[in-house]
Protein chains: 2
Amino acid sequence: MARKTGSHSKITGPRIRTAALTLFARHGYAAVSMRQIAKEVGVQAGALYLYTQDKQSLLFDLMKSHMDELFEALEQLPPVDDPSSELDAFARFHIAFHIERPEAVFVAYMELRNLEPENFTKIEEMRRRYEARLEDIVKRGVEAGAFTVADSKLATMALIAMLTGVNTWYRADGRMSQQEVADIYAQMAMNAVGASV
Amino acid sequence: MARKTGSHSKITGPRIRTAALTLFARHGYAAVSMRQIAKEVGVQAGALYLYTQDKQSLLFDLMKSHMDELFEALEQLPPVDDPSSELDAFARFHIAFHIERPEAVFVAYMELRNLEPENFTKIEEMRRRYEARLEDIVKRGVEAGAFTVADSKLATMALIAMLTGVNTWYRADGRMSQQEVADIYAQMAMNAVGASV
DNA sequence: GTCTATAATATGATAGAC
DNA sequence: GTCTATCATATTATAGAC
């Protein structure tokens, strides 16, 4: 496996992805040109096509990787017994995961409409699956008499929106630590479904 | 004030705004061309510039109008005495207002990053003012002993995110009426801040 | 693996005819 | 008030040199 002079395939690929993620998050997919991405990486525009089939693939791969990471991390959650502990753990997990990668979260949500139909379907399906995980917890809590909600589906959507909303205002250099934020939001999530803590 | 044949200034202006709003919501500001908007309206691209200074003004005017309408509607809310009733009324107002104009809400949030700096500042200031109205309610509720929250600012952000989240899934032809949704969400909002209903 | 050059096309905005 | 034509520029993506 001889390496040619000037070859950087192991490093350039990830740098392109990082630059694209940052630029897409800041200006939006449609507003960012391949030349901007190339400039950020320090290569010419043509070189990008050695690492991605086209601009759309670049976006899709970023969103797909984000969702893959989300599920991978979710599987690491230690199992707990009662629904209240489950919801508490999920809330804390969701906040920790999302707060740590604001750009990816932003792109995953904001750029859905810029995905071509079949790519959109794939990402939507993954998002649906993730929400179903939370809905399961809510439903089990209701069945066990631990939660009081008028509608499990609506409660699930309300919880997801509330928890993900942290990303709109949280700053690492703000007045609160990630831990404090997670504590407070987990409590509000529990309250929202009428759980006693 | 003679009117020339073929003059439609009274009707074309609003139609341009409507078309732009729909297209911006569906595809994003950066992805929509002036020619697309013109085609939707049924005029040539050049004619758009009789009604808007440029593409950026078109976006800003849409967002500004949306925020103006929001405040106008908020002022119509009948005053109530206790903080619990105030929060209940605000939650119902917020959902009703946002659920009725999904495109404007979507654009107002998603296209913030495509506003030029001074336009961005103006819209952000209005958004901040709206959030402050809710924060006031939360704070008064805490002082009155009606709510139990760890932090008023975080509770406010959590409530706004939860309530606005309705727009991500609500469809007029769905299984629930707007009234049912408002009832359920208002209840969850009250729960979240530990209010007894 | 990266560059330069370029094809093919789209863009925002304006000028001038009607 | 609207249209056609156009300017000046930017876009994605590819071909071929090194």
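Chain naming here is simple, since letters A, B, ... match the order of the sequence lines and numbering starts at 1 in each.
Listed candidates were dC3(D), dG12(C), dT4(C). Nearest to the side chain of Met34(B) is dG12(C). Here the side chain of Tyr51(A) is nearest to one of dC3(D), dT2(C), dT4(C), namely dT2(C). Comparing dA13(D), dA13(C), dT2(D) against the side chain of Thr12(B) picks out dT2(D) as the nearest.
Under 4.0 angstrom from either OP1 or OP2 of dT4(D) there lies at least one side-chain N or O belonging to Gln44(B).
Along DNA chain D, the nucleotide nearest to Ala45(B) and the one nearest to Ala45(A) differ in position, and the one closer to the 5' end is contacted by Ala45(B).
Separating the CD atom of Glu116(B) from the C1' atom of dG12(C) is a distance of 13 Å, rounded to the nearest angstrom. One interatomic measurement links the two molecules: CD of Gln53(A) to P of dA13(D), which rounds to 9 Å at whole-angstrom precision. Protein atom CG of Leu48(A) is 13 Å distant from nucleotide atom P of dT4(C), rounded to whole Å. Rounding to whole angstrom units, CG of residue Leu50(B) and P of dA15(C) are separated by 13 Å. Note: CZ (Arg35(B)) to P (dT14(C)) measures 13 Å, nearest angstrom.
Phe90(B) and Tyr130(B) have their aromatic ring centers within a separation under 6.0 angstrom.
Under a 3.5 Å cut-off, the side chain of Glu131(B) and the backbone N or O of Thr156(B) do not form any donor-acceptor pair.
Other residues, nucleotides and ligands contribute more than 12 heavy atoms inside 6.0 Å of the CD atom of Glu75(A).
Residue Val41(B) is out of contact with every strand shown, counting any heavy-atom pair closer than 4.0 Å.
Taking a cutoff of 4.0 Å between a charged side-chain nitrogen and a carboxylate oxygen, Arg175(B) and Glu180(B) do not qualify as a salt bridge.
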